[in-house]
A.B. asks: 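If you scroll down you'll find the structure; I have some questions about it.
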Amino acid sequence: MIGKFLWSAGWRTLAVGALIASPFWYFNQSSDWDGDEVIARGDTAIAGKPALLVVALMQPERFESAFFENFLDKLFTQVIPWPINVLAGADRGVVLIDPTQPYMTQRFVPQQLVDLAGRTADVDGVAWMEKFRRGELRWEPPSATVPHDPGVFVYPGRKQGMRFPAVKTSLKAKHLYYNRLPGGILPHYRQTRDMAEGAIAEARRRHPALIGGAVADAFDPAQKEAAVYRLLDAGADTLILASAQPMYSSFEELDGSFVGIHQTVEKWRKRNGMKPIKLVIPPYMASQKAFDALTVDHLAAVTPQATAPGQSAMAIMSVHGLPPSQVKSDSWTGRVAEVEARLRPQLAAVLRAKGYSDVEVRAGSEGFADPLEDPKNEIVSVRELWAEARRKGHRVAIAIPVDFLAENTDNLFAHAAIMFEGFPGYTTYQGPPANVDWQRPYVRRWEFGATSVIYGGSPGGATVPRQSLALADAISTLFR
């Protein structure tokens with residue numbers, strides 16, 4: 001009898017456990033297609049008529065909340081598991097910010113309050129400031145896990161119709177990033193699209209077999225679907241999937257935007273008699289010699305000549321970075337290591353050519369390596385390397401990003417706030433000067449005693465044709 005009872009209790013426990021776990025399994029299933037596995041198989045043979053699709057992460061030229069909404073949707077569907085994503089992404093009400101002082105970290109008395117649409121009053125005509133005076137707004141403090149995060153006010157009296165993190169991120173981007181750009185214009189979209197379109201044009205010039213090419217925004221599902229349908233409707237049998245990012249990552253492409261492409265292809269096939277379509281992924285852009293030459297020339301352009309014999313220098317290859325929890329599992333890590341190993345002697349040669357006798361080349365992360373996001377200090381940061389260079393007495397310490405080809409809100413603002421915190425004359429989320437020339441590297445420089453600390457920025461718009469050639473070279477390997 002006891003044995004029967006235990007068996008029954010165990011069965012009930014399993015049944016209840018299965019009932020509880022089943023929705024977790026259902027909502028957190030991974031895709032049946034994985035870009036890392038496609039690359040590992042090594043099958044890059046083109047079958048039938050090929051077409052080329054370049055997926056590009058392109059931040060809008062002027063502020064558009066849709067971009068940041070799509071970005072947050074990607075995080076909440078791809079990274080954060082159910083049901084945590086539902087809870088963390090809940091609509092908490094109308095999110096408000098004071099545009100005259102948007103970077104506030106403690107509750108304060110605002111001078112003005114606006115919502116995401118820029119309205120100063122609610123739909124009932126009552127001004128947000130009046131609702132503040134009535135005590136109807138709640139102060140939402142900064143996130144404990146996001147560096148330099150501002151607090152916001154929330155009106156909980158009605159829903160906004162968007163995830164709270166998406167609205168807050170959009171308000172932050174609008175008031176702390178775009179509003180601090182000259183003319184409110186960011187060069188990332190235009191330079192990235194020009195680069196991707198140039199690569200497609202060059203690839204089609206070299207390889208007439210390509211029946212078409214398209215660029216699609218990585219964060220715009222409708223744009224990706226339209227591009228896929230256009231190429232497949234034109235008769236493509238093989239779809240070449242490339243990225244405008246220098247290095248593939250599991251998060252961005254291989255388990256991210258490329259998975260959406262595969263799903264769209266499958267939807268198209270169901271409407272077209274299950275016609276076989278092959279997906280092929282070429283080598284990443286940063287694996288090419290043309291990319292090496294671009295990086296070498298970039299460092300040479302932003303490195304000052306030595307002013308005396310015996311001076312030493314440090315070059316830092318800076319990368320966007322990944323959270324410590326993802327570094328080991330994302331295939332991006334291995335690609336970054338390959339690029340760094342290949343570039344290290346070439347960048348050392350640049351420093352020696354500039355007259356420095358004692359040189360070292362290091363690599364560090366711009367983001368995810370600060371004490372808040374990396375409390376165990378598992379990742380070496382650019383900021384830490386600059387501090388080390390100063391301790392060693394290097395004459396110069398120059399960081400150049402190797403996975404940012406155009407200026408964006410990360411290296412201009414979010415990462416800058418981490419890297420430059422406390423630097424003389426720098427204020428958090430400080431914007432570039434009015435006369436900044438986006439065709440050239442936007443270089444920032446500080447003097448710390450005997451050491452010049454330099455951030456070399458992206459290569460600049462003038463190098464877009466060279467970037468296109470590097471991506472075209474990667475694509476061309478499929479046709480050899």
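We number each residue from 1, following the sequence as shown.
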A.B. asks: Could you tell me whether the side chains of Glu253 and Ser243 share a donor-acceptor contact shorter than 3.5 Å?
C.D. replies: yes
A.B. asks: Using 0.5 Å steps for rounding, measure from the NE2 atom of His415 to the OG atom of Ser381.
C.D. replies: 12.0 Å
A.B. asks: Search all heavy atoms of Leu347 against all heavy atoms of Met317 and return the closest pair with its distance.
C.D. replies: CD1-CG, 3.5 Å
A.B. asks: For Tyr429 and Tyr426, which heavy atoms make the closest approach, and how far apart are they?
C.D. replies: N-OH, 3.3 Å
A.B. asks: Would a distance-only check, ignoring hydrogens and angles, find a side-chain to backbone donor-acceptor pair under 3.5 Å from Glu366 to Val382?
C.D. replies: no
A.B. asks: Give every residue pair that meets the salt bridge (Lys or Arg N to Asp or Glu O under 4.0 Å) criterion with at least one member in residues 412-440, sequence neighbours excluded.
C.D. replies: none
A.B. asks: Does any non-hydrogen side-chain atom of Arg193 lie less than 4.5 Å from one of Arg190?
C.D. replies: yes
A.B. asks: Would you say the side chain of Arg163 lies within less than 4.5 Å of the side chain of Asp73, judging by non-hydrogen atoms?
C.D. replies: yes
A.B. asks: Report yes if the side chains of Ser468 and Glu202 come closer than 4.5 Å at any heavy-atom pair, otherwise no.
C.D. replies: no
A.B. asks: Counting C-beta onward and ignoring hydrogens, is there a side-chain heavy-atom pair between Arg107 and Arg138 closer than 4.5 Å?
C.D. replies: no
A.B. asks: Supply the atom-to-atom distance Met58 CE to Asp217 CG, rounded to the nearest 0.5 angstrom.
C.D. replies: 4.5 Å
A.B. asks: Donor-acceptor check, side chain of Gln160 to backbone of Val95, threshold 3.5 angstrom: yes or no?
C.D. replies: yes
A.B. asks: Taking only Lys NZ, Arg NE, NH1 and NH2, and the carboxylate oxygens of Asp or Glu, determine whether Asp370 and Arg383 approach each other closer than 4.0 Å.
C.D. replies: no
A.B. asks: Evaluate the side-chain proximity of Asn411 to Tyr455: yes if any heavy-atom separation is below 4.5 Å, no if none is.
C.D. replies: yes
A.B. asks: Taking the six-membered ring for Trp, are the ring centroids of Trp139 and Phe153 within less than 6.0 Å of each other?
C.D. replies: yes
A.B. asks: Would you say Arg180 and Leu176 make side-chain contact, with heavy atoms under 4.5 Å?
C.D. replies: yes
A.B. asks: Given the rule in the side chain to side chain contact (heavy atoms under 4.5 Å, CB included) test, do Glu388 and Arg362 qualify, once you have shown the distances and angles that lead to the verdict?
C.D. replies: CA-CA 11 Å; Glu388 181 181 328; Arg362 306 284 292 278; 2.7 Å; yes
A.B. asks: Quick check for you: to the nearest 0.5 Å, what is the distance between Leu171 atom CG and Phe63 atom CZ?
C.D. replies: 7.0 Å
A.B. asks: What are the two closest heavy atoms between Leu231 and Gly213, and how far apart are they?
C.D. replies: CD2-N, 3.7 Å
A.B. asks: Give the minimum heavy-atom separation between Pro323 and Ile379, together with the two atoms involved.
C.D. replies: C-CD1, 4.4 Å
A.B. asks: Who passes salt bridge (charged side-chain N to carboxylate O under 4.0 Å, His left out) against Asp115, sequence neighbours left out?
C.D. replies: Arg119
A.B. asks: Check step by step if side chain to side chain contact (heavy atoms under 4.5 Å, CB included) holds for Glu61 and Gln191.
C.D. replies: CA-CA 10 Å; Glu61 189 170 61; Gln191 290 183 9; over 6 Å; no
A.B. asks: Is it the case that the side chain of Lys224 and the backbone of Ala218 share a donor-acceptor pair, with hydrogens and angles ignored and the cut-off at 3.5 Å?
C.D. replies: yes
A.B. asks: Run the numbers on Asp473 and Arg206 for salt bridge (Lys or Arg N to Asp or Glu O under 4.0 Å), then give the verdict.
C.D. replies: CA-CA 10 Å; Asp473 285 350; Arg206 297 179 188 179; 2.9 Å; yes
A.B. asks: Determine whether a donor-acceptor pair (N or O, by modelled atom type, separation under 3.5 Å) exists between the side chain of Asn70 and the backbone of Asp220.
C.D. replies: no
A.B. asks: Going by the angle between their ring planes, with limits at 30° and 60°, are His262 and Trp33 parallel, tilted or perpendicular?
C.D. replies: parallel
A.B. asks: Work out which heavy atom in Leu241 is nearest to a heavy atom in Pro282; give both atom names and the distance.
C.D. replies: O-CD, 2.9 Å
A.B. asks: Of all heavy-atom pairs between Ala214 and Arg230, which one has the smallest distance, and what is that distance?
C.D. replies: CB-NH2, 3.4 Å
A.B. asks: Take Leu254 and Ile281 through the test side chain to side chain contact (heavy atoms under 4.5 Å, CB included) and record every step on the way to the result.
C.D. replies: CA-CA 9 Å; Leu254 304 178; Ile281 301 174; 4.0 Å; yes
A.B. asks: Give a yes or no answer on whether the side chain of His298 reaches the backbone of Val402 with a donor-acceptor pair at less than 3.5 Å.
C.D. replies: no
A.B. asks: Rounded to the nearest 0.5 Å, what separation is found between the CZ atom of Phe251 and the CG atom of Leu322?
C.D. replies: 8.5 Å
A.B. asks: Can you measure from CG (Leu279) to CZ (Phe258) and round to the nearest 0.5 angstrom?
C.D. replies: 9.5 Å
A.B. asks: Once the angle between the rings of Phe67 and Phe219 is folded into 0 to 90°, is it parallel (under 30°), tilted (30 to 60°) or perpendicular (over 60°)?
C.D. replies: tilted
A.B. asks: Would you call Val114 and Trp128 a side-chain contact if the rule is heavy atoms closer than 4.5 Å?
C.D. replies: no
A.B. asks: Closer than 3.5 angstrom, by distance alone: can the side chain of Gln346 be matched with the main-chain N or O of Arg342 as a donor-acceptor pair?
C.D. replies: yes
A.B. asks: Would you say Asp149 and Ser143 are linked by a side-chain donor-acceptor pair, where the criterion is simply a distance under 3.5 Å?
C.D. replies: no
A.B. asks: Answer with yes or no whether the side chains of Thr264 and Glu225 bring together a donor and an acceptor at under 3.5 Å.
C.D. replies: no
A.B. asks: A side-chain contact here means heavy atoms from C-beta on lying under 4.5 Å apart; do Ile398 and Leu351 qualify?
C.D. replies: yes
A.B. asks: Quick one: do Arg395 and Asp358 make a salt bridge, cutoff under 4.0 Å?
C.D. replies: no
A.B. asks: Checking Gln59 against His188: is there a side-chain donor and acceptor pair closer than 3.5 Å?
C.D. replies: no
A.B. asks: With ring centroids as reference points, do Phe413 and Tyr178 lie under 6.0 angstrom apart?
C.D. replies: no
A.B. asks: Using the ring of each side chain (for Trp, its six-membered ring), is His148 parallel, tilted or perpendicular to Tyr103, with breaks at 30° and 60°?
C.D. replies: tilted
A.B. asks: Taking Lys172 as the fixed residue, which of Thr409, Val146, Val167, Ile97 is the one that meets the side chain to side chain contact (heavy atoms under 4.5 Å, CB included) rule?
C.D. replies: Val146
A.B. asks: Between Arg62 and Glu64, is there a salt bridge with N-O shorter than 4.0 Å?
C.D. replies: no
A.B. asks: With distance as the sole test, does Lys354 use its side chain to make a donor-acceptor pair with the main-chain N or O of Thr303 at under 3.5 Å?
C.D. replies: yes
A.B. asks: Are a donor atom and an acceptor atom from the side chains of Tyr284 and Glu338 found within less than 3.5 Å of each other?
C.D. replies: yes
A.B. asks: Kindly indicate, with the supporting measurements, whether the criterion side chain to side chain contact (heavy atoms under 4.5 Å, CB included) is fulfilled by Ile475 and His207.
C.D. replies: CA-CA 10 Å; Ile475 295 162; His207 312 291; 5.6 Å; no
A.B. asks: Scan residues 294-321 for pairs that pass salt bridge (Lys or Arg N to Asp or Glu O under 4.0 Å), counting only residues two or more places apart or in two chains.
C.D. replies: Asp297-Arg466
A.B. asks: Is it true that a side-chain atom of Ser250 and a backbone atom of Ser331 form a donor plus acceptor pair closer than 3.5 Å?
C.D. replies: yes
A.B. asks: Between Asn408 (side chain only) and Ala406 (backbone N and O only), is there a donor and an acceptor less than 3.5 Å apart?
C.D. replies: yes
A.B. asks: Just verifying a value: how many Å separate Asp292 CG and Leu343 CG, rounded to the nearest 0.5 Å?
C.D. replies: 4.5 Å
A.B. asks: Less than 3.5 Å apart, any donor N or O on the side chain of Gln112 or Thr100 sitting next to an acceptor on the other?
C.D. replies: no
A.B. asks: For Gln106, does the CD atom have more than 12 heavy-atom neighbours from other residues, nucleotides or ligands under 6.0 Å away?
C.D. replies: no
A.B. asks: Decide, yes or no, whether a salt bridge links Lys168 with Glu140 under the criterion of side-chain N to carboxylate O below 4.0 Å.
C.D. replies: no
A.B. asks: Counting only N and O atoms by type, is there a donor-acceptor contact under 3.5 Å from the side chain of Thr451 to the main-chain atoms of His394?
C.D. replies: yes
